[in-house]
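Each ligand, and each atom within it, is numbered from 1 in the order the structure gives.
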Amino acid sequence: MTRILVTGATGTVGATVVQALQARGADVRAFVRDPAAAAAKLGDVDLAPGDFDDPASLRRALAGVGRVYLSAADGPRKVAHETAVIDAAAGAGVELIVKLSSMHADPASALPAFRWHGEVEAHLRRSDVPAVLLRPAFFMTNLLMVAGGVAHTGLLHAPTAGRRIAMIDIRDVAEVAAAVLLAEGHAGRTYDLTGPSAITFADVAAALAGATGHPVRSVDLTEEQARPRFEGAGLPDWLATHLAGVFGVIRAGGFEHATGEVLRITGRPARDITGFAHDFAAAFAPPAVPAGTARTGSAAGQQRPERSEVDVEVLG
Ligand SMILES: NC(=O)c1ccc[n+]([C@@H]2O[C@H](COP(=O)([O-])OP(=O)(O)OC[C@H]3O[C@@H](n4cnc5c(N)ncnc54)[C@H](OP(=O)(O)O)[C@@H]3O)[C@@H](O)[C@H]2O)c1
């Protein structure tokens, strides 16, 4: 059986890829910085300790490996980290790399993460290693960044100009990655991955209301109203720039096309927002209020506990 090395294995998507591969009985090795933390998160899996900045650790991890899932954290070191894996994999004779990229990946992009993905894709094309590029749309899990705000106010702010987004559940990204890593015939392909249909933030609010049993209202912000919220959220500059830019792409309709690739590749329909809202309802539901505690009304008309903390409302 071909051994598969999963990099970024403790990441949000990476850990789900490990699970999806294990569920299919694959021979999985996880490349991790902190084996104790990784074991606690991933359970019983072969761990290869190392760091993208340590080429010898990459060479050790790749011994006996046939295929690689490639994903490092976004940030200024991303290109160096992912190209180090590609170069080590080429040296080790790896037969396939499946790279987690992004829709709109482009080395000329003004959006940092899209640019970094584009640069890594270009490096991968120049290497001798057969590869598959997975380019997902906006993740549904991004909504968790504003879950605290929704829970406390019943309001979902975002500068989308009412445009639709074919947002995807990361569990489907992981299912596609696992399917591609375990099958033949995908090398050289690029897959744009989306949810089953394009939806508005009003649709998201309706799904969250249905799942939590509490009113949730979507409030569209202008670009000018949203900018200080991104800049004031305490994020690294590149991330604030990237997130603000992503909403610019959304307002330009850049995420409105649903592709159907999840169904074609996995044989199962992509998860929709209703299922996501159901599975993550607890994060968006108002916190329980101890008896006798004062309540304040929200703009949505729902009685909610007074806000006790400042949430990072990245999306608005
Ligand atoms: N959000 C979206 O809407 C969206 C859409 C499309 C594509 N994407 C892409 O999805 C990707 C995110 O994937 P993810 O959620 O799985 O990533 P993640 O949660 O950010 O995880 C990053 C992983 O990289 C590991 N790592 C960081 N530095 C390392 C180092 N020096 N050596 C070894 N490992 C290191 C981390 O390990 P530790 O646990 O040790 O930190 C972690 O396992 C990004 O590339 C993003 O651009 C996102």
Is [X] close to ligand 1, meaning an N/O of one under 3.5 Å from an N/O of the other?
X	value
Tyr69	no
Asp53	no
Phe139	yes
Gly14	yes

Could you report the tightest heavy-atom contact between [X] and [Y], atom names first, then the distance?
X	Y	result
Ile168	Pro136	CG2-CB, 4.2 Å
Val17	Ala174	N-CB, 3.7 Å
Pro107	Arg115	O-CG, 3.3 Å
Asp74	His117	OD1-NE2, 4.0 Å

Verify the distance criterion only: is there a donor paired with an acceptor across the side chains of His81 and Asp51 at less than 3.5 Å?
no

Pair Ser101-Glu121, side-chain donor/acceptor within less than 3.5 Å
yes

Under 4.0 Å from a heavy atom of [X]: which atoms of ligand 1 are those, numbered in the order shown and with their elements?
X	answer
Ser71	13 (O)
Ala9	43 (O)
His81	31 (N)
Phe138	3 (O)

Run Asp279 and Arg271 through salt bridge (Lys or Arg N to Asp or Glu O under 4.0 Å) and show every step you take.
CA-CA 11 Å; Asp279 293 345; Arg271 292 166 172 85; 5.8 Å; no

Neighbour count above 12 (heavy atom, 6.0 Å) for Arg24 CZ:
yes

How far is [atom] from the closest protein heavy atom, and which atom is that?
atom	result
atom 31 (N) of ligand 1	Asp51 OD1, 2.9 Å
atom 27 (C) of ligand 1	Arg33 NH2, 3.4 Å
atom 16 (O) of ligand 1	Val13 N, 2.8 Å
atom 18 (P) of ligand 1	Gly11 CA, 3.8 Å
atom 44 (C) of ligand 1	Asp74 OD1, 3.2 Å
atom 23 (C) of ligand 1	Gly8 CA, 3.6 Å
atom 32 (N) of ligand 1	Phe52 N, 2.9 Å
atom 5 (C) of ligand 1	Ala137 O, 3.2 Å

Location of contacts on His117 toward ligand 1, heavy atoms closer than 4.0 Å:
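Side chain only.
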
Using a 4.5 Å cut-off on heavy atoms from C-beta on, say whether the side chain of Leu134 contacts that of Val176.
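SC-SC contact between Val176 and Leu134 confirmed.
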
Heavy atom of [X] under 4.0 Å from ligand 1?
X	value
Ser101	yes
Leu100	yes
Met167	no
Arg77	no

Ring centres of Phe284 and Phe280 under 6.0 Å apart?
no

Does Glu119 come within less than 4.0 Å of Arg126, counting only side-chain N to carboxylate O?
no

If hydrogens are left out, which of Thr10, Val32, Asn142 has an atom nearest to atom 39 (O) of ligand 1, that is, the closest non-hydrogen atom?
Thr10

Determine the interplanar angle of the Phe255 and Phe138 rings, folded into 0 to 90°, and report it as parallel if under 30°, tilted if 30 to 60°, perpendicular if over 60°.
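Perpendicular, since the angle between the ring planes exceeds 60°.
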
Taking it one step at a time, do Tyr191 and His186 satisfy ring-ring contact (aromatic ring centres under 6.0 Å, His included)?
CA-CA 10 Å; Tyr191 294 120; His186 293 287; 5.6 Å; yes

